[in-house]
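To keep things clear, I will list the structure first and then write my remarks on it.
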Amino acid sequence: VQLQASGGGLVQAGDSLRPSCAASGRTFSTYYMAWFRQAPGKEREFVARITKSGTGTYYADSVKGRFTISRDNAKNVVYLQMHSLRPEDTAVYYCAASMTVYGSGSSGYNSWGQGTLVTVSS
């Protein structure tokens with residue numbers, strides 16, 4: 001599956017943003033999906049994941065209660081609704097897909113989008 005992320009931007013602390021990730025192909029519903037992020041000078045870290053049907057989600061502690069991952073299998077899109085953004089949320093956000101792995105490690109995902117930059121000013 002090919003993934004294309006979009007919807008990043010420059011916002012102020014406390015604002016909201018909703019990046020999205022569009023997938024090609026007709027098998028989107030057979031993939032677990034996740035969002036990761038990489039801040040300047042830091043390693044890529046897990047943000048959130050969602051099951052194939054969308055009924056199950058899991059979040060990193062740093063975003064729990066502020067971010068919501070969701071998907072629309074009819075439109076082949078996964079979203080990351082972000083509220084109460086903080087300067088430390090500044091990063092390139094990547095969507096990732098896996099048919100077999102539902103986890104928080106990046107190595108389990110074999111399809112990646114190109115990333116979308118989110119910058120939060122204080």
Side-chain angles (χ1 to χ4, degrees):
V1 65
Q2 292 185 323
L3 305 174
Q4 183 168 0
S6 62
L10 172 62
V11 297
Q12 293 186 331
D15 285 351
S16 298
L17 204 59
R18 193 181 76 157
S20 61
C21 175
S24 63
R26 292 179 286 181
T27 61
F28 178 68
S29 62
T30 65
Y31 287 87
Y32 299 111
M33 298 297 297
W35 285 93
F36 290 79
R37 67 186 181 185
Q38 187 166 17
K42 295 187 177 182
E43 294 187 354
R44 190 171 298 187
E45 66 174 1
F46 166 78
V47 176
R49 65 180 191 247
I50 189 166
T51 57
K52 298 177 182 182
S53 65
T55 56
T57 57
Y58 185 81
Y59 300 91
D61 288 343
S62 58
V63 306
K64 197 173 298 181
R66 299 188 299 122
F67 291 11
T68 301
I69 186 171
S70 63
R71 67 190 297 163
D72 185 336
N73 286 344
K75 296 181 178 179
N76 287 8
V77 180
V78 61
Y79 304 98
L80 185 67
Q81 178 68 60
M82 305 188 293
H83 293 299
S84 303
L85 282 162
R86 305 166 180 168
E88 53 264 40
D89 294 319
T90 295
V92 176
Y93 283 72
Y94 299 90
C95 55
S98 172
M99 293 187 73
T100 58
V101 173
Y102 182 60
S104 302
S106 60
S107 61
Y109 294 85
N110 49 21
S111 295
W112 291 83
Q114 84 287 4
T116 186
L117 176 63
V118 173
T119 304
V120 185
S121 63
S122 58

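Throughout, numbering of the chain's residues begins at 1 and tracks the sequence. Owing to the predicted nature of the structure, the values given are computational and were not obtained by experimental measurement. The analysis underlying the following values was restricted to heavy atoms, covering all of them including side chains, and did not include hydrogens, waters or symmetry mates.
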From [X] [atom1] over to [Y] [atom2], what is the distance, rounded to the nearest 0.5 angstrom?
X     : Y      : atom1 : atom2 : answer
Ser53 : Arg71  : OG    : CZ    : 8.0 Å
Leu10 : Leu117 : CG    : CG    : 9.0 Å
Arg66 : Arg86  : CZ    : CZ    : 4.0 Å
Ser70 : Leu80  : OG    : CG    : 8.5 Å
Glu45 : Ser106 : CD    : OG    : 11.0 Å
Ile50 : Tyr102 : CD1   : OH    : 7.5 Å

Report the C-alpha distance between Phe67 and Leu85 in whole Å, list the side-chain angles of each, state the deciding distance to 0.1 Å, and finish with yes or no for side chain to side chain contact (heavy atoms under 4.5 Å, CB included).
CA-CA 9 Å; Phe67 291 11; Leu85 282 162; 3.9 Å; yes
Do we see a donor-acceptor contact under 3.5 Å between the side chains of Arg49 and Ser104?
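Result is yes, a qualifying pair exists.
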Modelled atom types, side-chain donor and acceptor of Tyr93 and Arg37, under 3.5 Å:
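On atom types as modelled, these side chains qualify, holding a pair under 3.5 Å.
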Taking all atoms of both residues into account, what is the closest heavy-atom pair of [X] and [Y], and its distance?
X     : Y      : result
Ala48 : Tyr59  : CB-CD2, 3.5 Å
Ala23 : Val1   : CB-CG2, 3.7 Å
Val92 : Gly115 : CG1-CA, 3.8 Å
Ala13 : Ser122 : CB-CA, 4.4 Å
Trp35 : Ile69  : CD1-CD1, 3.5 Å
Gln38 : Lys42  : NE2-O, 3.1 Å

The test is ring pair (Phe, Tyr, Trp, His ring centres under 6.0 Å); show your working for Phe36 and Tyr94 and say whether it passes.
CA-CA 5 Å; Phe36 290 79; Tyr94 299 90; 8.8 Å; no
Check: [X] side chain, [Y] main-chain N or O, donor-acceptor pair, under 3.5 Å:
X      : Y     : result
Asn73  : Lys52 : yes
Ser20  : Tyr79 : no
Thr116 : Gly8  : yes
Ser24  : Gln2  : yes
Ser121 : Val11 : yes
Gln114 : Ala5  : yes
Thr51  : Gly56 : yes

Determine whether Val63 and Tyr32 fall in the same hydrophobic cluster, where Ile, Leu, Val, Met, Phe, Trp and Tyr are linked whenever their side-chain heavy atoms lie under 4.5 Å apart.
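No: no chain of side-chain contacts under 4.5 Å links Val63 to Tyr32.
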Starting from Val118, can I reach Leu3 by hopping between I/L/V/M/F/W/Y residues whose side chains sit under 4.5 Å apart?
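Cluster IDs for Leu3 and Val118 match.
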Do Met82 and Ser16 come close enough that some side-chain heavy atom pair is under 4.5 Å?
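Side chain of Met82 against side chain of Ser16, heavy atoms only: no contact under 4.5 Å found.
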Is the count of non-hydrogen atoms from other residues, nucleotides or ligands lying under 6.0 Å from Lys64 atom NZ greater than 12?
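Check passes, neighbour count above 12.
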